[in-house]
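Below you'll find the structure, written out as structure tokens, and then a few comments.
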Protein chains: 2
Amino acid sequence: MINEDKLIKSLQQDNCFIGDDAAVVPFVDNQNYVITKDILVEDIHFRTKYFTPYDLAHKALHVNLSDIAAMGAKPTYILCGISVPQYLHEYATQFLHHLTQICKNLDVILIGGDTTSSQDKLFISITAIGIGQKDQIKYRNSSKNGDIICIIGDIGFAHTGFALLEQNLTSQEKYISSSLRPIAKITEGIWLGSQQYVHSMMDISDGLYIDLNKLCKSSNKGAVIELDMLQQHLDPEISLQTALEGGEDYSLLCTIDKNSFELLSDQFSNNFNYQVKPIGFITDGDSIKFKKNNQIIDLTVNPFTHFGEKL
Amino acid sequence: MINEDKLIKSLQQDNCFIGDDAAVVPFVDNQNYVITKDILVEDIHFRTKYFTPYDLAHKALHVNLSDIAAMGAKPTYILCGISVPQYLHEYATQFLHHLTQICKNLDVILIGGDTTSSQDKLFISITAIGIGQKDQIKYRNSSKNGDIICIIGDIGFAHTGFALLEQNLTSQEKYISSSLRPIAKITEGIWLGSQQYVHSMMDISDGLYIDLNKLCKSSNKGAVIELDMLQQHLDPEISLQTALEGGEDYSLLCTIDKNSFELLSDQFSNNFNYQVKPIGFITDGDSIKFKKNNQIIDLTVNPFTHFGEKL
């Protein structure tokens, strides 16, 4: 598989604007567009066996809107490309019907796209465009030493749901729905974008460890994950390993100035009726360290480069 | 196969902005962004057997830039999504290298994208973004009765090249290069966009007949194709049927006010050193008619809904 990180690095050397959840291009004076593109490939990212057309429409859209949310911007438009094998004609028609309906409900306008044939697999490529205030768009590269690292949303749910679905188990609906129909943190992203003391932000799509690593690399920083704190936020069914490795939760990962954390965390709870989850802090180092009972410990994390490649 | 026209109609009923070569979204006061997205699927739109990574990078880019040109806008940014089967890892790396180089040469900035695995076929999805003057962006829906229908560029070349490539023939380089490396009419599109008396424009990707049909439907007009005029513009090797049916030339199709045609055609020749090709005129009807020796004649055209589906 192509190593996306290496690729991004080589493209950056070519003076391309790549590396955040979404690209930023100028709009009017005080606003920018943010643009992202995510692909979903049958039997890599989803199976039609357990994804209904509605589930897939929901997921394909929210995976992209999550990137917009992670920049602190408001989703506005999408384009949808779809390549359809003959035998999934009806499935794809249903998919597109649901996609337009879900867009409408979210005030997102479908402005274009492309439909083609495919030999055997369904391929979906969505481009999402959002609008953000220039001074409220958040990047990965601006975390500061001492920042509190926080998760906004669940962690390990989607991977647990995926494992159940692959075993044909349909109990534990909350995990399964996280895998089939993750919900982009749109209003949370916009609110966090408007907070000056949120220094950096991204979404967690590839897994907490691998994504925090990206944020740290982009900021030229290191991090300490406090495993006791992380454990507190986990459902009993979800192991630390799943929390660190499992992808596709589409929760937000942000770093907050340590002096503002308490106030901001309280305001967040008041607004959204759930808690920000602090799990550690940014350091001046260049790697992620794990702490348990106040001691640095070794922990082997095996991040997968893409969720789909485990299928 | 999903019928893209029916789909577009159903999306338009849902108040989505769909139907031109590219979608138009606001930029600053007097400018708009135009945005398009085209997918290329292995063994539907290309074969790695005869497309080098360079060819494919060129084609994937120009197919998208052609949509921007057809709106009278200047290509500015792209995003590239690519799903890669294991055995094409090196091919895809080369593809991305060439894509960034070709973008650089065209002053187009690669701002983002997505790379994923694929089980067995290579999928490429490019989103291209251009900038156009609001009053110079051309649409399909504004052709007027009596307009001269013109082709800018070659016709039937790409289909002829495709047929040669499928038979493992590599003579007649000009046709083969049209199929492998079509060149978007970028400067021509911008120039035509700036001309008030160019009433409507699109690119010819699916074939002259099917694309003119789209333009007429969008404008609520009909057309007459003068077969003697069309024949004059064709290479001896290219039949009328191939000219009408063959897709993927990425020439431009535009309609020009009949009173301004001669002047505009002369100016075009002076600027670009080749001729605009008039082939007929727009009518108040609702269908495309064929004329030969000044008589309306019957002609059966079998447009394919997508080039690729013939593979």
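None of these values were measured; they are calculated from a predicted model.
For B/L40, no part lies under 4.5 angstrom from a heavy atom of chain A. Contact annotation for B/P85: neither backbone nor side-chain heavy atoms come within less than 4.5 Å of a heavy atom of chain A. The part of B/C80 that comes within reach of chain A is its backbone (N, CA, C, O), which places non-hydrogen atoms under 4.5 angstrom from that chain. With a 4.5 Å cut-off on non-hydrogen atoms, B/I126 touches chain A through its backbone but not through its side chain. For A/D29, no part sits under 4.5 Å from any heavy atom of chain B, backbone or side chain. Residue contact with chain B, scored on non-hydrogen atoms closer than 4.5 Å, is absent for A/T76.
The NE2 atom of A/H45 lies 6.5 Å from the OG atom of B/S83; values are rounded to the nearest 0.5 Å. To the nearest 0.5 Å, the span separating CD1 on A/I129 from CD1 on B/I129 amounts to 6.0 Å. With rounding to the nearest 0.5 Å, the separation of OG1 in A/T116 from CD1 in B/I44 is 7.0 Å.
Using a 4.5 Å heavy-atom threshold, the side chains of B/Y33 and A/V25 count as touching. Between A/F123 and B/S118 there is no side-chain heavy-atom pair separated by less than 4.5 Å. Side-chain contact check for B/I35 versus A/T127: every heavy-atom pair is 4.5 Å or farther apart.
Ranked by heavy-atom pairs under 4.5 Å with chain B, the first of A/G81, A/A22, A/P26 is A/P26. Of the residues considered (A/V28, A/V41, A/I39), A/I39 shows the highest number of contacts with chain B, using heavy-atom pairs under 4.5 Å.
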